[in-house]
Amino acid sequence: MSEINITFPDDSVRSYGAGITGMEIAADISKSLAKAAIAVSIDGELSDLSLPIESDAKLEILKRDNEEALEMIRHDCAHVMAEAVQSLFPGTQVTIGPSIENGFYYDFARNDPFSTEDLEVIEKEMRKIVERGESFTREVWSRDEAIKFFTDKGEMYKAELIQDLPETEEIKIYKQGEWTDLCRGPHMPTTKHVGTAFKLLKVAGAYWRGDSNKAMLTRIYGTAWRDDKELKAYLMQLEEAEKRDHRKLGTEMDLFHFQHEAQGSVFWHPKGFTIYNQMEAYIRRRLNAGGYREIKTPQLIDNKLWEASGHWGKYRENMFVVPDEVPSTDDEGPIVSDKAFEKLMALKPMNCPAHVQVFKQGTKSYRDLPIRFAEFGCCHRNEAHGALHGLMRARQFTQDDAHIFCREDQITGESVAFCDLVKNVYTDMGFEDVRVVLSLRPDVRAGSDEIWDKAEDGLRQALIKTGLDFEEAENEGAFYGPKIDYQVRDAIGRTWQCGTLQLDFVLPERLDANYIGEDGAKHRPVMLHRAVLGSLERFIGVMIENYAGKLPLWLAPVQCVVATITSDADEYGQKVFAALQEAGLRAELDIRNEKINYKVREHSHAKVPVMFVVGAREAEEGTVAIRRMDSKDQPVEPLEKAIELLANQSKPPY
RNA sequence: GCCGCGGUAGCUCAGUGGUAGAGCGCGUCAUUGGUAAUGACGAGGUCGAGAGUUCAAUUCUCUCCCGUGGCACCA
């Protein structure tokens, strides 16, 4: 028997006979290690403890506290769930069940979908399987054998999976007791290693292989952790996230509402629209300073333009189409004639074609470039019903949109300026966690390789110069040009597409935009589509969740409430209120016949950042007691000083 | 669009084959109180819409609409 050298993380080396297993090595080191071991890492690759090791290797024995352990716990937990489901609901087919961020899921095929009540029963069964501590054992089967096995069992999805595995791939079968599954592995030694810190969370539908043309399966989501403490913390976090839901806060804070007559479109209330206006005004100042000029273009545009721009062909299913005909008021007959469908208009889903029209008015010289047209463009998109999600995904929304028309040699300069703008704006808004992705050329694309080289490098240099951390995504660019996407992470951990910078070599061509070059000939400008906030609606939604409704002072719909303690101070309260308004602050006066406790509680719930509390004493002295949200302090200051302080703190960041 | 769950008072939710309840909010009255709920009384609902079963439907069945968790989609 030949000897192999095993190198451990501390660089110590031990020799063993070839074919020794990870578990045997662990046992050789110590009994307690063997007990705690859940897997091995062989030359950086995770593997089963039971697998023989045949050659020299770097080896690490993994325990529950390793980073990788969580993933294994979740993966094993998915298997345990699948066994539980099949024992409780015979005839259910298993498909795939991976570990995911914070948990795992398993997709099942079954005629009657699971209900939420089933989860409890399944979870109970899972705990039994874990308690039994069945060993995970690994076997390698031949392809035909495996396909026959699963086909005979009626597991058509598994059989399909095996069919589609590459020829070179070993068909690995894992058993936990009696239960058998196709799986890449690795697994922990027994089901007992899963532990007890798991919980099934929800049932959902999911398409087989993520394809909406294929069968709809039932997915069960669960979460699993190392111990109950971690589980509890995660469940708390979910609860906290739910409390921050912008839709809930929007109702509570009286910011906006939705109703079914205008599904997917926002009814902004005065307070919500105050936030909206502040955001818009802020971006407008930023854009003005950045050399943009604001325009406004039509909402309703003839489909001829959408045909020319290419949207009619590729994007029509997301557009709202309107017949250009006077509707009939005859109650008996049809509202529009058959002919109406020959002449259609559409609500704009994007602003770009309209901006090109503005660019095309008059002759442009190379000296005019770059031209930066900005618009708070109200767009309508016919989103699928299931896609709608409060402010985050709406059917009508307003982009802080702009299009920059420039020469090729101006791409880099414009990109740098834009990246700077994005960085400054996000910093002002209080976002640290921003994901930046540079999407590069896809296989099918317009434009020469030279111009793609230039464009991609222009964007890359811009990101490097701005000092933004970014990742590159091969093949992910649009057919018309590369792009940079800026995604903000919200309170629930979801990332939302906000800003974007997209280079476009195609639209100027399609809509025949040109400028006169130095040489006196016509040239195509390059077009940069760009948005910083993306959609004002969505960005406000992200802001609400990020701040849990406690927006920074400059954005707070009501910045200060003047609350009187007794009616003796009403007159003085009026004076304080007037002074706040005079200073340009958004204030409210609360002289209701209520106790101060009640007023403080109510305005705290409403997330008003500052209260000026006034009673007889303050009226006498010309002062206010300043109470800030989440603070018990109540410093008393002279009225003028307090207002000056608040006015300074309420200044927008730009 | 697809699968699951839901729709009852302004909000949050309970409940029932014999046309409904709570808390908060709202209104009235009393209370003038120092930093997270003063008390009493009162008003308020075609129980999402339509159809069916039934002597009787908010409750059961079906269809539709909307919301919601996922999936697909997000050029």
Side-chain angles (χ1 to χ4, degrees), chain A residues 105 107-110 112-119 201-221 242 245 247-248 251-252 254 257-264 309-319 349-350 352 381-390 392-395 397 477-481 483 485 496-497 500 502 504 506-507 529 534-535 538 561 563-570 591-606 611-618 625-634 636:
Chain A
Y105 68 78
D107 285 347
F108 301 98
R110 179 170 180 246
D112 304 312
F114 298 103
S115 71
T116 325
E117 289 92 72
D118 295 330
L119 294 187
L201 296 177
K202 55 198 174 193
V203 285
Y207 295 109
W208 170 233
R209 298 200 151 174
D211 183 343
S212 58
N213 295 313
K214 293 201 161 85
M216 173 62 64
L217 309 170
T218 299
R219 174 174 298 180
I220 300 180
Y221 282 96
E242 217 171 293
D245 189 309
R247 294 164 303 183
K248 195 175 153 77
T251 308
E252 279 174 18
D254 193 19
H257 84 271
F258 291 87
Q259 65 186 56
H260 64 270
E261 286 89 345
Q263 56 170 300
S309 69
H311 290 91
W312 197 250
K314 282 197 86 164
Y315 202 69
R316 191 171 62 219
E317 62 173 353
N318 287 302
M319 292 165 72
M350 295 171 207
C352 28
R381 294 186 188 175
N382 203 340
E383 301 282 4
H385 290 77
L388 300 176
H389 182 86
M392 305 299 202
R393 192 85 178 266
R395 285 179 147 183
F397 56 93
F479 78 96
Y480 52 75
K483 62 174 180 175
D485 286 322
W496 292 100
Q497 172 76 54
T500 187
Q502 306 186 8
D504 190 343
V506 172
L507 200 61
H529 308 252
S535 130
R538 172 181 291 180
V561 166
T564 52
I565 292 169
T566 66
S567 55
D568 294 341
D570 284 1
I591 51 173
R592 289 175 304 170
N593 181 9
E594 296 289 355
K595 291 188 176 178
I596 194 62
N597 283 317
Y598 183 86
K599 294 185 183 181
V600 166
R601 176 183 156 86
E602 196 176 83
H603 295 119
S604 300
H605 278 163
M611 288 181 71
F612 282 0
V613 177
V614 295
R617 203 153 63 221
E618 286 76 12
I626 305 171
R627 183 187 164 111
R628 290 176 193 268
M629 193 167 28
D630 295 333
S631 166
K632 292 278 178 196
D633 281 1
Q634 33 191 293
V636 177

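First the proteins, then the strands, lettered A, B, ... as listed; each starts at 1.
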Answer with base, sugar-phosphate or nothing: what part of the nucleic acid does Gly310(A) contact at a heavy-atom distance below 4.0 Å?
nothing
Take atom C1' in A57(B) and the same atom in G18(B), then report the distance between them in whole Å.
10 Å
Whom does C64(B) pair with, Watson-Crick or G-U wobble, provided both distances fall under 3.5 Å?
G48(B)
For residues Ile596(A) and Thr564(A), report the shortest heavy-atom separation together with the two atoms involved.
CD1-O, 4.0 Å
Side-chain contact check for Arg247(A): nearest option of G34(B), U35(B), U68(B) is U68(B)
Which is true for Thr566(A) with a 4.0 Å heavy-atom rule: it touches a base, it touches only sugar-phosphate, or it touches nothing?
base
Which part of the nucleic acid, if any, lies within reach of Tyr221(A) when heavy atoms closer than 4.0 Å are counted: base, sugar-phosphate only, or nothing?
sugar-phosphate
Could you work out the separation of C60(B) and C2(B) based on their C1' atoms and round it to a whole Å?
27 Å
Is the shortest heavy-atom distance from the side chain of Asp107(A) to the side chain of Arg219(A) under 4.5 Å?
yes
Euclidean distance for C1', C64(B) against G7(B) (whole angstrom):
14 Å
If you check every side-chain atom of Asn597(A), which of C71(B), G69(B), A37(B) has the closest atom?
A37(B)
Report yes or no: is there a donor-acceptor pair, N or O only, under 3.5 Å between the side chain of Tyr315(A) and the base of A75(B)?
yes
Name the pairing partner of G69(B), where a pair is Watson-Crick or G-U wobble with both distances under 3.5 Å, or state none.
C3(B)
With a 3.5 Å limit on both atom pairs, tell me what C11(B) is paired to, counting Watson-Crick and G-U wobble, or say none.
G23(B)
What's the gap between G67(B) and C11(B) when it is taken at their P atoms, as a whole Å value?
15 Å
NA contact type, Met611(A), heavy-atom cut-off 4.0 Å: base, sugar-phosphate, or nothing?
nothing
Glu261(A) atom CD: more than 12 heavy-atom contacts under 6.0 Å:
yes
What does Ile596(A) touch in the nucleic acid at a heavy-atom separation under 4.0 angstrom: a base, only the sugar-phosphate, or nothing?
sugar-phosphate
On a whole-Å scale, what distance lies between the P atoms belonging to G48(B) and A43(B)?
24 Å
Which nucleotide, in any strand shown, forms a Watson-Crick or G-U wobble pair with U28(B), with both distances under 3.5 Å?
A40(B)
Taking the six-membered ring of Tyr221(A) as reference, does the cationic atom of Lys202(A) (NZ for Lys, CZ for Arg) lie under 6.0 Å from its centre and within 45° of its axis?
yes
Determine whether a donor-acceptor pair (one donor, one acceptor, N or O, separation below 3.5 Å) exists between the side chain of Arg393(A) and the base of C73(B).
yes
U58(B) and A20(B), which share atom name C1', separated by this distance in whole Å:
8 Å
Can a side chain N or O of His389(A) be found less than 4.0 Å away from OP1 or OP2 on G69(B)?
yes
What is the nucleic acid contact for Glu594(A), judged by heavy atoms within less than 4.0 Å: base, sugar-phosphate only, or nothing?
base
Identify whether any heavy atom of Ala616(A) sits under 4.0 Å from a base atom; if not, whether one sits that close to sugar-phosphate; answer base, sugar-phosphate or nothing.
base
What integer distance in Å separates Asp254(A):CG from U12(B):P?
13 Å
Strand partner of U16(B), provided both Watson-Crick or wobble distances fall under 3.5 Å:
none
Within the structure shown, what part of the strands sits under 4.0 Å from Thr218(A) by heavy-atom distance: base, sugar-phosphate, or nothing?
nothing
Take atom P in C13(B) and the same atom in U8(B), then report the distance between them in whole Å.
9 Å
Nearest listed nucleotide, side chain of Ile565(A), among A75(B), C66(B), G33(B):
G33(B)
Base G34(B) to side chain Glu618(A), donor-acceptor N/O within 3.5 Å cut-off:
yes
Residue whose nearest RNA chain B nucleotide is more 5′ - Glu317(A) or Arg627(A):
Arg627(A)
Assign each of Ala478(A) and Leu388(A) to its nearest nucleotide of RNA chain B by heavy atoms, then name whichever residue's nucleotide is nearer the 5' end.
Leu388(A)
Which nucleotide sits closest to the side chain of Thr251(A): C11(B), A36(B), G70(B)?
C11(B)
Which nucleotide in G69(B), C66(B), U35(B) has an atom nearest any side-chain atom of Gln634(A)
U35(B)
Phe258(A) has an atom CZ; how far is it from atom P of G10(B), in whole Å?
20 Å
Checking contacts here: which listed nucleotide (A72(B), U38(B), C66(B)) is nearest the side-chain heavy atoms of Lys595(A)?
U38(B)
Nucleotide opposite U35(B) in a Watson-Crick or G-U pair, distances under 3.5 Å
none
Distance check, rounded to the nearest 0.5 Å: Arg592(A) atom CZ versus Glu602(A) atom CD?
4.5 Å
Taking C65(B) as the reference, what is the distance to A22(B) when you measure between their P atoms (whole Å, please)?
35 Å
With a 4.0 Å cutoff (strictly under), does any side-chain N or O of Lys202(A) reach OP1 or OP2 of G69(B)?
no
Checking all strands, does His603(A) fall into the base, sugar-phosphate, or nothing category for heavy-atom contacts under 4.0 angstrom?
nothing
Any strand counts, and the cut-off is 3.5 Å on both contacts for Watson-Crick or G-U wobble. Which nucleotide pairs with A57(B)?
none
So if I take every side-chain heavy atom of Tyr207(A) and compare against A36(B), G70(B), A72(B), which nucleotide ends up nearest?
A72(B)
Which part of the nucleic acid does Tyr598(A) contact within heavy-atom distance under 4.0 Å: base, sugar-phosphate only, or nothing?
sugar-phosphate
Minimum-distance nucleotide to Ala206(A) side chain [options: C2(B), C71(B), C26(B)]:
C71(B)
